[in-house]
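Single-structure report; data block below.
All values below come from the heavy atoms of this structure, side chains included, with hydrogens, waters and symmetry mates left out. Per chain, numbering begins at 1; letters A, B, ... match sequence-line order. Given the structure is predicted, the values throughout are model-derived calculations rather than measurements.
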Amino acid sequence: MGYFDVPDIQYPRYTNRQLAAVPLGLLAVALLVLSGSFLLTGAPVPLGMDFTGGAELTIQTTSSEAQIQTAFSVEPDSIQRIQAPGVDNQYTVQFAGVEDDEAIQTLSEQATAELEQDGNAEIVQQESTASPSFAAQTQQTALLGLAVAFVGMSALTFLLFRTFVPSIAIVLSAFSDLVIPLAFMSIAGISLSLGTVAALLMLIGYSVDSDILLNNHVLRRSGDFYESTSRAMTTGVTMTITSMAAMLVMGIVASLFGIELLASIGTILFVGLAADLMNTYLLNLSLLRWYKFEGVRS
Amino acid sequence: MTNPIAFVKEYWRVILLVAFLAFAMVALFIPGGIMADDSLADNLGDNETAANQSGDEGFTNLEYGIGLDGGTRVSAPATGMMVDELDIDDNDQRDIETTLYAELDIERSDATVRYHENDDRYTAEVFTENVTAAEFASALQSAGLDATEDDVENGVTQETRDEMINTIELRVNEAGLSGGNVYQEATVDGGYYIVTEVPGMSPNELRGLLSDRGDVQIVAYHPDGNGNQTNDTVLNDDDFSDISPPAFNDREGTHYVPVTVDNTEGSDGNSAASEFQSSMNEYGFTSEGIGQCSVHDRDAGEFNFDQDQQQWCLLTVVDDEVIDAHSMSSGLGGDMESGTWANDPGFQMIVPTQQDAQYLSVNLQSGALTAPLDFSQEQTYSTEPALADQFKTFSLMIGILSVITVSGVVFLRYRDPRVAAPMVVTALSEVVILLGFAALIRMPIDLSHVAGFIAVVGTGVDDLIIIADEVMSDGNVSSQRVFESRFSKAFWVIGAAAATTVIALSPLAVLSLGDLRGFAIITILGVLIGVLITRPAYGGILERLLTDK
């Protein structure tokens, strides 16, 4: 039908166990990574300044990266050069987990005092600071937000389908859609920021779309299981691929341009949607097939 | 197609979309937009402010937040604690306040007892970090009240926060900056942050503006009769009824702020003015004290309170710091001694420099900040205008690139421009309608909103794909009946998917997670506009193109 076609998986050749093994195995690995990281560092994913307190400065200076590294009383966690068209000498400098409020507030003054000015431009172009107690509050709020969103989504799913197995299949694959990107963040060293939390919430809403579509086709339509599945897949995979493409472009371009919020939303959604492809068409599908052929036999 | 009613009936979905698009275009591009007056969205209630802000934003009516326009936002809670629902007799309110000042050894401005008329209860509040909950409770007990340490809550009353917000708004306006915004935000554990956003101010300037308590007092420094000097506060900043702009006295060469002391009589027949007058007479300022103040070396700008002579000085004190000391003039002293001054209680507050006069005037105008902000719990976000401009360009580029990517994938997938082109156009019209809506309610667009717009394009196209696939399943769509039935099947999935997105993002729209509220609001609005207006219209367009009419 198009230049790219959705592949036809020969589902009848695999048992439910075989199908579910891959996503469940990956989920287990992801959970292992998160708990390992929790045991080693005290947090399942590295927490950014939004959640631990600290500062993020965007500075414009002709000083070298090495000079920036030593310019502050607190050592920066990361210095990233912004590579956007028409922009030179701009860096994003992050300080996470700074305990001292006063130190946080003086970082921008230190930048102004220690670094070389680039022409007439102000040295500190952007400043974002959070004191540790404010950050602790944010952390609590974000956790609550995630929990409410997930519970709300689960409740809605049960309300929509009113049967246990198909609903729990959606909830389980949505859970895995969240855990896999979190493990990815832990491995890739991407810290949890407000932007990534937004992405995770968005993922809760986005990722269940294809699951709802699949369940709807299989449960609410007449017709052969495999035929319904293949139709739902044609639509669902197109949807997810389209979103992934948009998110990939946004993630790459925004991180080059130094727009952290858009970059993290793009990256996390890309990884999460990739996980969703697998979870929907292996995990959810195997549970659905079990339900359709064995679960309802009574 | 001659019957207009039949035409509307058949194409109502598309007509609705076009109407909304036209409305959005007007809101976006016609100067002044739909709302010519600023009453709807301008929450400062200051028409001039909104007009200034929208005047220089280029060719759209969009307004930008500090991330895309430059400026600073500081969020911090109020310092203080309170005991609510105290059992107090109506006449004891002031006595209890006085007991609190004495027991806790704090300034008058650092404690208050409030009466809530609505539900007839009293709340005692303390606004300093130097008092512990236990000390506060025991001070209340000394005042004869039934309060324990467990009754002490962190935080201040809504009235206090409202007063603070008012004061900060006045200060921001006094500083001559337009487009400022002050509001409170609730936190999960029941606390509140006071958030101040000011375009065109650096974090240090804004912190300076917010950290001054601005508590102005006139203190009488006079002999106590036993050979020593003593201090008595004779005027507080709520004793003034009128404050004029700073002025300069050519003859004396002094800067001053002309003020009028309040002479409306209270229940005891006294006014602030008459009490001030009688204190001045009692302390001897209007007799032997006239002209007797030498503690202030004006040339050096220094104070020396170690003087051989007896001193009668009026000290101007802001936040416990003496900024000026001067003597009583014979003219003013004479009027006070004869008792006529209180009838026309004008008064010049003399200060050393013009800057001091400006500072004093701002503090008098805005009043003292009822409670200080707790900067140990602050969050700051600020962007330079140059970087904000850069972000504006970049987010436009990112938006365009995302749309191109989505279009590319959709064209690759369907190859049929009759299906793909309206898809892209429909998804874009969602963004246009959203932008129009944002311009209409003057929602300041920030980076998080941009993320929301991109998310809207993403979910929008997803839903359009569902519609297209469903409608085109099993070969061609021959009749309208077949089309309608397939369309409504597709709509169940879209509705369900939209509901999950709205549910997943609604916590963000309500909780105070800084930047992210804009993202959630735009995405939720976009999903709603999509499900109710644009996605049905896409169905209508497809129907027209595919049913061979």
Picking from [options], which has the most non-hydrogen pairs under 4.5 angstrom with chain B?
options	result
A:S133, A:S108, A:A136	A:S133
A:A198, A:A246, A:S243	A:A198
A:M250, A:Q137, A:Q140	A:Q137
A:T141, A:V249, A:L248, A:L213	A:T141
A:I212, A:L269, A:I204	A:I212
A:S131, A:G205, A:A149	A:S131

So, [X] versus [Y]: side-chain donor-acceptor pair below 3.5 Å or not?
X	Y	result
B:S376	B:D374	yes
B:Q379	B:Y193	no
A:T196	A:S264	no
A:E56	A:Q126	no
B:R73	B:Y381	no
B:R207	B:T380	yes
A:D276	A:T280	yes
A:S173	A:D211	yes

Tell me, for [X] versus chain B, whether the close heavy atoms (under 4.5 Å) come from the side chain, the backbone, both or neither.
X	answer
A:Q60	neither
A:L201	both
A:L156	side chain
A:V151	neither
A:L261	side chain
A:E122	side chain
A:E127	both
A:T58	side chain
A:E109	side chain

For chain A, which candidate among [options] shows the most heavy-atom pairs at distances under 4.5 Å?
options	value
B:L505, B:I494, B:D462	B:D462
B:S402, B:S202, B:G458, B:G70	B:G458
B:P507, B:S382, B:A504	B:S382
B:V510, B:V461, B:T459	B:T459
B:T405, B:L508, B:L387, B:V502	B:L387

Gap between atom [atom2] of [Y] and atom [atom1] of [X] - 0.5 Å precision:
X	Y	atom1	atom2	answer
A:Q139	A:L47	CD	CG	5.5 Å
A:T234	A:H217	OG1	NE2	9.0 Å
B:T501	A:M202	OG1	CE	5.5 Å
B:L464	B:T426	CG	OG1	5.5 Å

Minimum-distance pair of heavy atoms, taken over all atoms of A:L262 and B:A451:
CD2-CB, 3.3 Å
Is [X] in contact with chain A via its backbone, its side chain, both, or neither, using a 4.5 Å heavy-atom distance?
X	value
B:V406	both
B:T393	neither
B:F519	side chain
B:N204	side chain
B:L401	both

Is the ring pair A:F150/A:F175 parallel, tilted or perpendicular, if the boundaries are 30 and 60 degrees?
perpendicular
Under the side chain to side chain contact (heavy atoms under 4.5 Å, CB included) criterion, do B:L373 and B:T79 qualify, and how do the steps go?
CA-CA 5 Å; B:L373 288 170; B:T79 305; 5.8 Å; no
